[in-house]
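This is a predicted model, so every value here is computed, not measured.
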Amino acid sequence: MSRFLTSMFAAAAAAILVAAPGAAQEKRSFSITTGGTGGVYYPLGGGLANLLSKYVPGWSASAEVTGGSVDNLKLLGAGKSEIAFSMVDAGLDAMKGQDKFKGNPVNVRTLAVLYPNRMHVVSTEATGIKSFADLKGKRVSTGSPGSATEVMAFRVIEAMGLDKDKDLKRERLGVAESVNALKDGKIQAFFWVGGLPTAAVTDLGATPGVKIKMIDHSAAVAKMNAKYGPLYAEAAIPAKTYPGQEAENKIAVVWNVLVTTDKLPDDVAHKIVQVIFEKRAEWGQVHKEALTLDMKNQLASNTPMPFHPGAVKYFAEKGHKVQ
């Protein structure tokens, strides 16, 4: 009997050892919701999908083109996406079930604070627009439906003293479509919030016969924060960021975050965060904004949505507290 029990325990132990690698290689598919093809979320999402598929056995991820943050958060809430890129202002609205999420709150959890999203207000010298006030009466794109560009654009417009409905002839275009419309004279300016550089804006600046004009609007930040909370900050797009951009552009910025919901298992969230931090240099080969990812930015003060417990565990392992 003793020999029988010893053999049985040995067999059980062997089975556990064999099963362990299989458990670590559990098959899992991810939909990563990003934004339009002319922005920064999309290449970063594609890069993230490649990293997760490459470095985690059994995982398969794909990046999806969307309208942007609002669409992404709605897809998360509907269970049609597992990982999403978002700006913190849209994320807060989703968590509170307000504005575009009225009656449909989403249990958003932050995986990581990424990079600051810069609001671009873009025109050309040919339009004669030199200041924000000059937008009055003009045909302007305020971002595609379902985008955080639209959310933030409305707040900037309000804080700068214009009425989005009465003072502007509004179009709702993504950044690539906005650039084409501006080139064709169908609009006179557009709003876009994204990383640096944004490919579509670079394309506009590099177009022969076009002289890009970036409109200052940092004066909006104080009023925006007074109404919506401390979500925004003053910053600048350095001169020469885009072809033909000769002067520094004073702007409003907001943090980007990688988010999920409270339904994502802790061990899965931990692995996602581990991969993006440990493979950051490789991610940065897709777009340099990935290199902005920094442990020091993983703070509760930078995102109003709670960090996922799996992310908190990874940060703690690295000696960092998010609070």
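With side-chain heavy atoms closer than 4.5 Å counting as contact, directly or through intermediates, the hydrophobic cluster containing L182 also holds V122, V175, V179, I187, F190, W192, L196, V201, L204, V210, I212, M214, I237, Y242, I251, V253.
When atom types are taken as modelled, the side chain of S147 and the backbone of S144 share a donor-acceptor pair closer than 3.5 angstrom. In this structure, the side chain of T303 does not engage the main chain of L299 through any donor-acceptor pair within 3.5 Å. For W255 (side chain) and L114 (main-chain N/O), no donor-acceptor pair under 3.5 Å exists by modelled atom type. Of the possible polar contacts, one joining the R280 side chain to the L291 backbone as a donor-acceptor pair under 3.5 Å is found. Judged by distance alone, the side chain of N249 and the main-chain N or O of I215 form a donor-acceptor pair under 3.5 Å. Between the side chain of S53 and the backbone N or O of A49 there is at least one donor-acceptor pair closer than 3.5 Å. Here the side chain of Q245 pairs a donor or acceptor atom with the backbone of P238 at under 3.5 angstrom. D216 places a side-chain N or O within 3.5 Å of a backbone atom of K250 that can act as its donor or acceptor partner. Listed for the S69 side chain is a donor-acceptor partner under 3.5 Å among the backbone atoms of M87. In this structure, the side chain of H320 engages the main chain of Q298 through a donor-acceptor pair within 3.5 Å.
P197 and K288 get closest at one heavy-atom pair: CD-CE, 3.6 Å. Listed here is the closest heavy atom pair of S81 and L76: O-CD2, 3.3 Å. Shown here for D134 and G128, the closest heavy-atom pair between the two residues is OD2-O, 4.1 Å. Closest non-hydrogen pair, F191 versus V156, comes out as CE2-CG1, 4.3 Å. Closest approach of D71 to P145, counting heavy atoms only: OD2-O, 4.1 Å. Nearest heavy-atom pair across S29 and E82 is O-OE1, 3.9 Å.
Of the inter-residue distances, the one linking T110 atom OG1 with N302 atom CG reads 10.0 Å to the nearest 0.5 angstrom. Between atom OG of residue S178 and atom NZ of residue K183 there is a gap of 12.0 Å, rounded to the nearest 0.5 Å. For the atom pair I272 CD1 and L48 CG, the distance stands at 7.5 Å (nearest 0.5 Å). L51 CG to E278 CD: the interatomic distance, rounded to the nearest 0.5 Å, is 11.5 Å. Between the OH atom of Y232 and the CG atom of D89 there is a distance of 3.5 Å, given to the nearest 0.5 Å. The distance from atom CD1 of I83 to atom CG of L258, rounded to the nearest 0.5 Å, is 6.5 Å.
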Give the C-alpha distance, both sets of side-chain angles, the deciding distance and a yes or no for side-chain contact (heavy atoms from CB on, under 4.5 Å) between V275 and F277. CA-CA 6 Å; V275 168; F277 273 89; over 6 Å; no
Take Y41 and N256, measure what side-chain contact (heavy atoms from CB on, under 4.5 Å) needs, and give me the verdict at the end. CA-CA 10 Å; Y41 282 177; N256 284 301; 2.4 Å; yes
V108 vs T261, side-chain contact (heavy atoms from CB on, under 4.5 Å): CA-CA, chis, key distance, verdict: CA-CA 5 Å; V108 186; T261 68; over 6 Å; no
Checking side-chain contact (heavy atoms from CB on, under 4.5 Å) for the pair V257/L111: CA distance, chi angles, key distance, verdict? CA-CA 7 Å; V257 284; L111 289 169; over 6 Å; no
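The environment of K164 atom NZ is dense: over 12 non-hydrogen atoms of other residues, nucleotides or ligands sit within 6.0 angstrom. Counted within 6.0 Å of NZ on K223, heavy atoms from surrounding residues, nucleotides or ligands total 12 or fewer; the atom is thus considered open. Dense packing is recorded around NZ of K138, with more than 12 heavy atoms of other residues, nucleotides or ligands lying under 6.0 Å away.
With H270 as the fixed residue, the side chain to side chain donor-acceptor pair (under 3.5 Å) test singles out one of K313, H308, E317: E317. For the salt bridge (Lys or Arg N to Asp or Glu O under 4.0 Å) test with E246, the passing option among K213, K211, K240 is K211; the others fail.
One hydrophobic cluster, built from ILVMFWY side chains closer than 4.5 Å, cannot hold both M305 and L75; they sit in different ones. L162 is connected to M152 through a chain of hydrophobic side-chain contacts under 4.5 Å among Ile, Leu, Val, Met, Phe, Trp and Tyr, so both are in one cluster. Residue L173 is not grouped with residue M119 when hydrophobic side chains (ILVMFWY) are merged at heavy-atom distances under 4.5 angstrom, including chains of intermediate members. Hydrophobic clustering, with ILVMFWY side chains joined whenever heavy atoms are under 4.5 angstrom apart, groups V322 together with I276. Hydrophobic cluster membership is shared by M295 and Y115, with clusters built from Ile, Leu, Val, Met, Phe, Trp and Tyr side chains linked at under 4.5 angstrom.
F30 places a side-chain heavy atom less than 4.5 Å from the side chain of V268. Considering only heavy atoms from C-beta on, I129 comes within 4.5 Å of L135 through its side chain. Using a 4.5 Å cut-off on side-chain heavy atoms (C-beta onward), V254 and P116 make no contact. Side-chain atoms of E171 and V140, non-hydrogen and from C-beta on, never get closer than 4.5 Å to each other.
Annotation: cation-pi pair K279/Y55 present, NZ/CZ under 6.0 Å from the ring centroid and within 45° of its normal. Cation-pi contact between R109 and F307: absent, since separation from the ring centre below 6.0 Å together with deviation from the ring axis within 45° is not met.
The existence of a salt bridge linking D93 and R155 is confirmed by a sub-4.0 Å separation between a basic side-chain nitrogen and an acidic carboxylate oxygen. Note on E177 versus K186: no salt bridge recorded, every NZ/NE/NH1/NH2 to OD/OE distance being 4.0 Å or above. The pair E125-K130 does not count as a salt bridge, with every side-chain nitrogen at least 4.0 angstrom from each carboxylate oxygen.
Under the 6.0 Å cut-off for aromatic ring centres, Y42 and F85 do not qualify, their centroids lying 6.0 Å or more apart.
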